[in-house]
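Only one structure is covered here, and it is reproduced in the block below.
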Amino acid sequence: MNVTADMNPTVPTVTHHDLPDNAVLIDVREHDEWDRGHAPHALHIPLGDLHARLDDLPDQRPLVIVCRSGHRSARAVAYLNDNGYDAVNLADGMIGWHQGNRPLVHDGPGTPCIH
């Protein structure tokens, strides 16, 4: 699998304020990042697994890709767009999500967080 294209500054981007109502949020962070805190109802597909899990992506709904800051997700968006998927990058990633007071969940004790 090769989802290692340079970050493309021309990938389509959306802010957390402008998420389409029917969008599916795909979180491409690593397992430990996901475990600490993620958006409710997001689908977790680490960047390194994306190629192998394309069949897990929903059809007919816009895909919003997120990572911690937006760099890995931009690479994922470029890869997905090159392969015919309608995907956009979430501007500022989970950092922006958290700073925008959007909800976070996790499965562990304590308060979910973004590191």
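Note that the coordinates shown come from a computational prediction; the quantities given were computed from them, not determined experimentally.
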**Request:** Count the heavy atoms of every other residue, nucleotide or ligand shown that sit under 6.0 Å from CG of Asp82, and state whether that count exceeds 12.
**Result:** yes
Given side chains that start at C-beta, do those of [X] and [Y] come closer than 4.5 Å, heavy atoms only?
X     : Y      : value
Pro62 : Asn22  : yes
Met94 : Glu33  : no
Asp56 : Ile45  : yes
His98 : Leu104 : yes
Leu90 : His16  : yes

Hey, any chance [X] and [Y] share a hydrophobic cluster, counting ILVMFWY side chains that come within less than 4.5 Å of each other, even indirectly?
X     : Y     : result
Val66 : Val24 : no
Val11 : Ile95 : no
Val14 : Leu25 : yes
Leu54 : Leu47 : yes
Ile26 : Val77 : yes

**Asked** Within 45 degrees of the axis of the six-membered ring of Trp97 and under 6.0 Å from its centre: does Arg102 put its NZ or CZ there?
**Response** yes
Looking at [atom1] of [X] and [atom2] of [Y], how far apart are the two atoms once the value is rounded to the nearest 0.5 Å?
X      : Y     : atom1 : atom2 : answer
Leu43  : Asp27 : CG    : CG    : 9.0 Å
Ile65  : Thr13 : CD1   : OG1   : 11.5 Å
Cys113 : Arg36 : SG    : CZ    : 6.5 Å
Gln60  : Asp86 : CD    : CG    : 10.0 Å

**Request:** For the pair Asn81 (side chain) and Ala87 (backbone), establish whether a donor and an acceptor sit closer than 3.5 Å, ignoring hydrogens and angles.
**Result:** yes
**Message:** Please tell me whether Asn89 and Ser73 have a donor and an acceptor in their side chains that are separated by less than 3.5 angstrom.
**Reply:** yes
**Fill in**
Between Val88 and the options Val64, Leu80, Leu63, the side chain to side chain contact (heavy atoms under 4.5 Å, CB included) test singles out Val64
What are the two closest non-hydrogen atoms of [X] and [Y], and how far apart are they?
X      : Y      : result
Gly37  : Ile114 : O-CD1, 3.6 Å
Pro103 : Pro40  : O-CD, 3.3 Å
Gly110 : His106 : O-CE1, 3.1 Å
Pro46  : Arg53  : CD-NH1, 4.2 Å

**Message:** Would Gln99 and Asp92 count as a side-chain contact (heavy atoms from CB on, under 4.5 Å) here? Give the steps.
**Reply:** CA-CA 9 Å; Gln99 289 173 344; Asp92 299 326; 6.0 Å; no
**Prompt:** Trp34 vs His44 aromatic rings, parallel, tilted or perpendicular, using cut-offs 30° and 60°?
**Reply:** parallel
